[in-house]
Protein chains: 2
Amino acid sequence: MKKLLLASTSTLFGETYLSYLTKNLEVFFKDVDTITFVPYARPGGISHDAYTAVVIKAFSKLNKKVVGLHSFSDPKVGIEKAEAIFTGGGNTFLLTKQLHEQDLIKVIREKVENGIPYMGASAGSNIAGPSMQTTNDMPIVYPPSFETLGLVNFNLNPHYMDPNPNGRHNGESREVRIKEFHQFNTTPVVGLREGDFIWAENGKLLLKGKGTARIFEVGKVPYESENIPF
Amino acid sequence: MKKLLLASTSTLFGETYLSYLTKNLEVFFKDVDTITFVPYARPGGISHDAYTAVVIKAFSKLNKKVVGLHSFSDPKVGIEKAEAIFTGGGNTFLLTKQLHEQDLIKVIREKVENGIPYMGASAGSNIAGPSMQTTNDMPIVYPPSFETLGLVNFNLNPHYMDPNPNGRHNGESREVRIKEFHQFNTTPVVGLREGDFIWAENGKLLLKGKGTARIFEVGKVPYESENIPF
């Protein structure tokens, strides 16, 4: 039975890292002493050590220990020993490339299917879907595949933004991009706005946070939903 | 000697397709009767035929004929016969995938190096660089490689937008994304704002349009430039 917390973002504007999630993290990780952190997405190119230090600090307030997956000489052993996994945000191409190159996709999937809690933020949530193909990130590296963990049967679009009705810019809106995705793929997509997150437990998927999610399915007009209909 | 017109966008807000470029297109294509149009990027999932019809209409005002590359049973023959090439915008992953699968990268590169005019808009400009790795698009399909035409020795970021100083959204700015690109790649990047375009002729690269471009080089603070310094 999978236990998931998939957040659109790690940080709300003007707040500190993960602070808006504090109460939920206390509950989500209540049976866990040490969280294994996957720092591979490296936001802004930050080092694995520096990124892990940010996460150690955030979780110290909850009296949780954090160990960076990069600190294991064999990262597969790091995952096999994990009590819980948190994958941070950053660049999804970089994250996915490294997970494939270290042959970690299947190992993480099995651990989470066997019940250890998995938390993702932004890119870390993106990879919970069957593919990373609804990321907003730039393809700064070439992953051997776009396949990701498939912990849920839909793709996520984190940091979802509505089209700007007053916009005078001609770049594609998020909605147009997801429509293009559905020309070639049938996986449903959940557009998850900042501040919102998905909580899965006991076979149920809940949408939590501030509002509704934008749901995209092939052949349907996109719609708002107060829950995750998949 | 390459002759290039690389536009950030095909269409300015509130205007018709390519209209802001009309006078420049008259000059750029003055010795050309028929333009071979590459419709593979399919913006919003539009069909090759429908996309080509839009381009036929736009160029009919300049008394130019347009033929869609998809109408050739062998697209290599279509490129070899071309007097000029225009690659339209849309999804850069889709465009790059099809160019590789049809083995067209080298053929187009050689034709342009031998002097036929090449015009790109948005995704069509993106592929003029050595790689498509500074695209803004969503990875809706998996190309066999991110390598592109390499007609210029820098990458482009079309529809370039400055960071919003009043933004309360936590998704990465374009500048942060390009900084992440430069953690793993040394190719310089030109952030080309809407309305601006690059004109290459007789070995010279000119920046034309409304303003300056944003230049990104490894180890340098990003800067504004009135010309293309590469």
Side-chain angles (χ1 to χ4, degrees), chain A residues 8-15 41-47 89-94 96-97 121-123 131-147 157-161 167-172 174-185 189 193-195, chain B residues 8-15 41-47 89-94 96-97 121-123 131-147 157-161 167-172 174-185 189 193-195:
Chain A
S8 175
T9 187
S10 61
T11 315
L12 290 184
F13 183 80
E15 298 189 9
R42 299 179 55 190
I46 188 174
S47 74
N91 186 285
T92 314
F93 290 87
L94 183 58
T96 301
K97 180 171 189 271
S122 191
S131 86
M132 54 156 287
Q133 290 180 257
T134 49
T135 179
N136 310 308
D137 295 336
M138 203 171 255
I140 61 172
V141 295
Y142 184 70
S145 161
F146 287 159
E147 184 198 341
N157 181 251
H159 305 284
Y160 182 76
M161 294 177 84
R168 299 176 66 87
H169 188 260
N170 200 45
E172 295 89 341
R174 208 63 70 77
E175 186 164 316
V176 168
R177 295 179 193 282
I178 296 170
K179 183 180 167 193
E180 290 178 352
F181 171 76
H182 275 153
Q183 291 280 330
F184 300 92
N185 305 275
V189 180
R193 295 185 182 87
E194 292 192 350
Chain B
S8 175
T9 186
S10 61
T11 314
L12 291 183
F13 183 79
E15 299 189 9
R42 300 179 55 191
I46 188 175
S47 74
N91 186 285
T92 313
F93 290 87
L94 183 57
T96 301
K97 180 171 189 272
S122 190
S131 86
M132 54 157 286
Q133 290 181 257
T134 50
T135 178
N136 311 307
D137 295 336
M138 202 171 254
I140 61 173
V141 294
Y142 184 71
S145 162
F146 286 158
E147 184 198 342
N157 181 252
H159 305 284
Y160 182 75
M161 293 176 83
R168 299 176 67 87
H169 187 261
N170 200 46
E172 294 91 341
R174 209 62 71 77
E175 186 165 315
V176 168
R177 295 179 193 282
I178 296 170
K179 183 180 167 192
E180 290 177 352
F181 171 76
H182 275 153
Q183 291 281 330
F184 300 93
N185 305 274
V189 180
R193 296 186 181 88
E194 293 192 350

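As the structure is a prediction and not an experimental result, all values here were calculated from the model. All chains are named by letter (A, B, ...) in the order of the sequence lines, taking the proteins before the strands, and each is independently numbered beginning at 1.
Contact of B/Asn157 with chain A is made through the side chain alone, with heavy-atom distances under 4.5 Å. Contact of A/Asn136 with chain B is made through backbone and side chain together, with heavy-atom distances under 4.5 Å. With a 4.5 Å cut-off on non-hydrogen atoms, A/Leu94 touches chain B through its side chain but not through its backbone. Looking at A/Ser145, the atoms closer than 4.5 Å to chain B (heavy atoms on both sides) all sit in the backbone: N, CA, C or O.
Looking only at heavy-atom pairs under 4.5 Å with chain B, the residue among A/Arg177, A/Met132, A/Lys179, A/Arg193 that has the most is A/Arg177. Chain A forms more heavy-atom pairs under 4.5 Å with one residue of B/Gln183, B/Met138, B/Arg42 than with any other, namely B/Met138. Contact count versus chain A (heavy atoms, under 4.5 Å) is highest, among B/Ile46, B/Asn91, B/Val141, for B/Val141. In terms of heavy-atom pairs under 4.5 angstrom with chain A, the leader among B/Thr134, B/Val176, B/Thr92 is B/Thr134. With chain B as partner, the option from A/Pro144, A/Pro158, A/Gly89, A/Pro43 having the largest number of non-hydrogen pairs under 4.5 angstrom is A/Pro144.
Classified by interplanar angle (parallel below 30°, tilted 30° to 60°, perpendicular above 60°), the ring pair B/Phe146/A/Tyr142 is perpendicular.
B/Ile140 and A/Asn185 get closest at one heavy-atom pair: O-ND2, 2.9 Å.
Of the possible polar contacts, one joining the B/Gln133 side chain to the A/Pro139 backbone as a donor-acceptor pair under 3.5 Å is found.
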